[in-house]
There are 2 protein chains.
Amino acid sequence: MLKGHLDAIVLAALEAGPAHGYAIIETIKQRSAGTFDLPEGTVYPALHRLEQAGLLSSAWMTPPNGRRRRVYSLTKAGASALGERRKAWGRFSQAVDTALGGGRA
Amino acid sequence: MLKGHLDAIVLAALEAGPAHGYAIIETIKQRSAGTFDLPEGTVYPALHRLEQAGLLSSAWMTPPNGRRRRVYSLTKAGASALGERRKAWGRFSQAVDTALGGGRA
DNA sequence: GCCGCATACCTAGTTATGCTAGGTATGGAA
DNA sequence: TTCCATACCTAGCATAACTAGGTATGCGGC
């Protein structure tokens, strides 16, 4: 369970440039060293949600000898949302660190 | 939203010694510098859940000139669960850091 | 040729979990 | 005696991630 931070991770995966759903899943898996091996049923709905929210835009692409893909890009709103999510994550993780560490610190 | 890490935080709040629900809420609020100001409707069900799971035990106490309180203590299972949760949090937060930081690092 | 696998997309429905919004009761202060 | 802080509880809502399906195509092996 990613517990609400999935959106930030997906946005971060698109920061380097547009990508399609399947590739996003692979990127996340590699970046997290296998920790986040997300099922499609998690990622696709998330992409739709983020597009609905205006943080992503999508376009169908068909490479010369390949299959139809839906390629997502960060919108401006998405890029700034990513910034906020990163900050929110920083605050959140620090607060949890403190709350958990209190016993030993 | 605490997104699944609430249990760990509650267990950690009881690590220093037994406490009752209201006090636990206060402890968490102070430890997190106000970030986690949890409503009772969040904490009480969590306490019941943790007791059901055998990680906490509870007893009714009535101080000489005070009100009836339900005091929770960490069980052995609870203490070891806390250890695991802490480790899990460490792994999780590191993975998120990596996944989020990948774009800029 | 065709069988199966990896790629690539999608959705309905389940489950878990935190929160909202209520309710009950008591001790102490104004 | 009225009100607030303390102290507990629950039903029901909202959301989010996941399970478990379904569709379709390109490519390699047999």
Exercise. Check for a donor-acceptor pair, side chain of A:T75 on one end and backbone N or O of A:G54 on the other, with a separation under 3.5 Å.
Key: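 Flag set: sc A:T75 to bb A:G54 pair under 3.5 Å.
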Has [X] got a side-chain N or O lying under 4.0 Å from the OP1 or OP2 atom of [N]?
X	N	result
A:Y44	C:dC10	no
B:R68	C:dG27	no
B:R49	C:dA16	no
B:H5	C:dT17	no
B:R69	D:dA7	yes

Quiz prompt | Cation-pi check, A:K87 onto A:F92 ring (under 6.0 Å, within 45° of axis) | solution =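 Pair A:K87/A:F92 does not count as cation-pi.
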[X] [atom1] - [N] [atom2] separation (whole Å):
X	N	atom1	atom2	value
B:L47	D:dT10	CG	C1'	14 Å
B:Y22	D:dC4	OH	P	14 Å
B:L6	D:dT15	CG	P	20 Å
B:E26	D:dA5	CD	C1'	11 Å
A:L2	D:dT19	CG	P	12 Å
B:I9	C:dT17	CD1	P	14 Å
B:E40	D:dG12	CD	P	20 Å
A:F36	D:dA16	CZ	P	17 Å

Quiz item: Mapping A:P39 and B:T42 to their closest nucleotides on DNA chain D, which lands nearer the 5' end?
Solution: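 Per heavy-atom nearest nucleotide, the more 5' residue is B:T42.
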Practice problem: Using the closest heavy atom to pick a nucleotide of DNA chain C for each, name whichever of A:R70 or B:K3 lands nearer the 5' end. | Solution: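 Comparing both residues, the 5'-ward one is A:R70.
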Quiz item: From C:dA8, D:dA17, C:dC10, pick the nucleotide closest to the side chain of A:W60?
Solution: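 So the nucleotide nearest the side chain must be C:dC10.
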Exercise. Scan A:G21 against the nucleic acid and name what it touches under 4.0 Å (heavy atoms): base, sugar-phosphate only, or nothing.
Key: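 The answer is sugar-phosphate, as A:G21 gets under 4.0 Å only of primed atoms, P, OP1 or OP2.
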Exercise. Please say which of A:H20, A:E51, A:R69 ends up in a side chain to side chain donor-acceptor pair (under 3.5 Å) with A:S58.
Key: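 Passing option: A:E51.
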Practice problem: Heavy atoms only: give me the nearest A:I28-A:A13 pair and the separation to one decimal. | Solution: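 Nearest pair, atom of A:I28 first, then A:A13: CG1-CB, 4.0 Å.
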Quiz item: Can you name the side chain to side chain donor-acceptor pair (under 3.5 Å) partners of B:R49, sequence neighbours left out?
Solution: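 In terms of side chain to side chain donor-acceptor pair (under 3.5 Å), with neighbours along the sequence ignored, B:R49 is linked to B:D7.
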